[in-house]
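In what follows, every chain begins at residue 1, and chains take the letters A, B, ... in the order their sequences are listed. Just so it is clear, the values below take in all heavy atoms, side chains as well, and ignore hydrogens, waters and symmetry mates.
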Number of protein chains: 2
Amino acid sequence: MNDELRRNLALFPIGIVQKLTDLTARQIRYYEQHNLVQPARTEGNQRLFSFNDVERLLEVKRLIDQGLNIAGIKTVLGPAKTASSLLPDPKKEQAERVAQDAKRDLTDRELRERLKQEMLRRPGMQGHNPFNAGDLSRFFH
Amino acid sequence: MNDELRRNLALFPIGIVQKLTDLTARQIRYYEQHNLVQPARTEGNQRLFSFNDVERLLEVKRLIDQGLNIAGIKTVLGPAKTASSLLPDPKKEQAERVAQDAKRDLTDRELRERLKQEMLRRPGMQGHNPFNAGDLSRFFH
DNA sequence: AATCTATGTCAGATTTCCTTACATGCGTTG
DNA sequence: CAACGCATGTAAGGAAATCTGACATAGATT
């Protein structure tokens with residue numbers, strides 16, 4: 001219930017997130033730039049990541065490893081949620097998604113590739129060892 | 001089981017811990033100096049706190065508010081555990097405790113005060129609202 | 001060959017944190 | 001009362017971590 005809240009508490013600096021995800025700072029910032037995550041900021045403008053952000057980055061990483069590009073990942077995961085916009089207006093959500101779809105620059109090949117990858121993944125999560133290095137499932141119950 | 005592990009992951013810098021506990025950096029460092037917590041360090045010597053550390057600090061704070069001094073808190077809570085010394089040798093534990101008891105500098109009055117406070121606290125944990133600001137129980141299941 | 005994508009790397013500035021030292025209010029104690 | 005110790009505040013100087021912006025590049029796409 002306030003589970004949502006704890007997962008969204010801005011807690012870690014980028015250095016920790018690097019270790020937790022095995023991504024470089026460059027990558028993390030790049031993904032932020034492309035709206036795959038939206039970490040909070042300190043007063044001094046330093047990024048602060050929540051558990052949700054970290055998990056999200058782990059998903060991004062997995063999709064990257066599967067060969068998706070940024071546009072593909074955005075489509076698969078949907079836009080990043082800001083910690084401050086937690087319970088978003090469904091209408092607005094929908095509108096945003098449509099708007100995004102509109103300006104999306106995927107080729108057909110890209111699209112088919114993306115869908116294939118997703119289909120390959122879902123069935124039973126084979127190959128998705130929940131105790132992979134960097135996996136955060138162990139952080140929650 | 002690996003619950004222990006996740007709680008002991010060194011994650012937050014002192015700035016976050018300040019906000020989480022409402023303690024000043026000065027206080028946190030002072031408590032560390034007196035072995036009430038033992039946060040890990042980055043390569044560059046910056047403190048990194050685990051959930052356990054933060055919870056521990058919250059307990060320290062509560063005892064401080066109840067009027068205990070450092071020696072008293074040390075006695076009530078026992079010595080801080082290092083993240084690296086997770087499953088300590090019971091013998092060593094015992095030895096340490098004895099050694100500590102020996103050099104403890106509590107007056108008798110102090111001791112009685114401390115015990116009274118503890119007795120006042122335990123029964124049903126009245127007054128210990130698990131949703132107090134800064135309480136971390138909401139971080140775990 | 002010209003572009004584009006995702007990432008590496010470097011530089012300069014800013015923020016956060018570290019240690020050390022000194023100051024202070026408040027009990028305790030001689 | 002004067003001296004002291006405890007817990008904390010505060011300031012200084014330095015080091016670590018992070019930030020943004022710019023340029024470099026390998027691999028795929030056009």
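Using a 4.0 Å cut-off, some side-chain N or O of A/Asn45 falls inside it from OP1 or OP2 of D/dT20. For C/dT7, one of the phosphate oxygens OP1 or OP2 lies less than 4.0 angstrom from a side-chain nitrogen or oxygen of A/Gln27. At the phosphate of C/dT15, neither OP1 nor OP2 sits under 4.0 Å from any side-chain N or O atom of A/Thr42. Not one side-chain nitrogen or oxygen of A/Tyr30 sits closer than 4.0 Å to the OP1 or OP2 atom of C/dT7. B/Arg41 has a side-chain polar atom (N or O) that falls below the 4.0 Å cut-off from OP1 or OP2 of C/dT19.
In this structure, B/Leu48 atom CG and C/dC18 atom P are separated by 9 Å, rounded to whole Å. For A/Gln33 and D/dT20, the CD to P distance is 9 Å, given to the nearest whole Å. Look at NZ on A/Lys74: it is 9 Å from P on C/dA6, rounded to the nearest Å. Atom CD1 in A/Ile28 sits about 14 Å away from atom C1' in C/dA6, given to the nearest Å. Remark: C1' of C/dC17 and CD of B/Gln18 are 10 Å apart, rounded to the nearest angstrom. In this structure, CD1 of A/Ile14 is placed 15 Å from C1' of C/dT16, rounded to the nearest angstrom. The CG-P distance, from B/Asp65 to D/dA7, rounds to 14 Å in whole Å. Residue A/Ile64 contributes atom CD1, which lies 8 Å from atom C1' of C/dA6 at whole-angstrom precision.
Minimum atom distance to the side chain of A/Thr24 is reached by C/dG8, of the listed C/dG8, C/dT15, D/dA17. Looking at the side chain of A/Ile70, the nearest of the listed nucleotides C/dC18, C/dA6, D/dT18 is C/dA6. Nearest to the side-chain atoms of B/Arg26 among the listed nucleotides D/dT18, D/dT10, C/dC17 stands D/dT10. Taking every side-chain heavy atom of B/Asn69 into account, D/dA7 is the closest of D/dA16, C/dA6, D/dA7.
Counting any heavy atom pair closer than 4.0 Å across all strands shown, A/Arg47 reaches sugar-phosphate atoms only and no base atom.
Closest approach of B/His34 and B/Lys74 over heavy atoms only: O-CE, 3.3 Å. Closest non-hydrogen pair, B/Leu77 versus B/Arg56, comes out as O-NH1, 3.5 Å.
Here the rule is side chain to side chain contact (heavy atoms under 4.5 Å, CB included) with A/Leu11, and of B/Leu11, B/Val54, B/Leu20 only B/Leu20 fits it.
In this structure, the side chain of B/Asp53 engages the main chain of B/Ser50 through a donor-acceptor pair within 3.5 Å.
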**OP:** Check the pair B/Glu32, B/Arg41 against salt bridge (Lys or Arg N to Asp or Glu O under 4.0 Å), reporting the backbone distance first and the verdict last.
**Re:** CA-CA 12 Å; B/Glu32 179 192 24; B/Arg41 299 283 183 138; 3.3 Å; yes
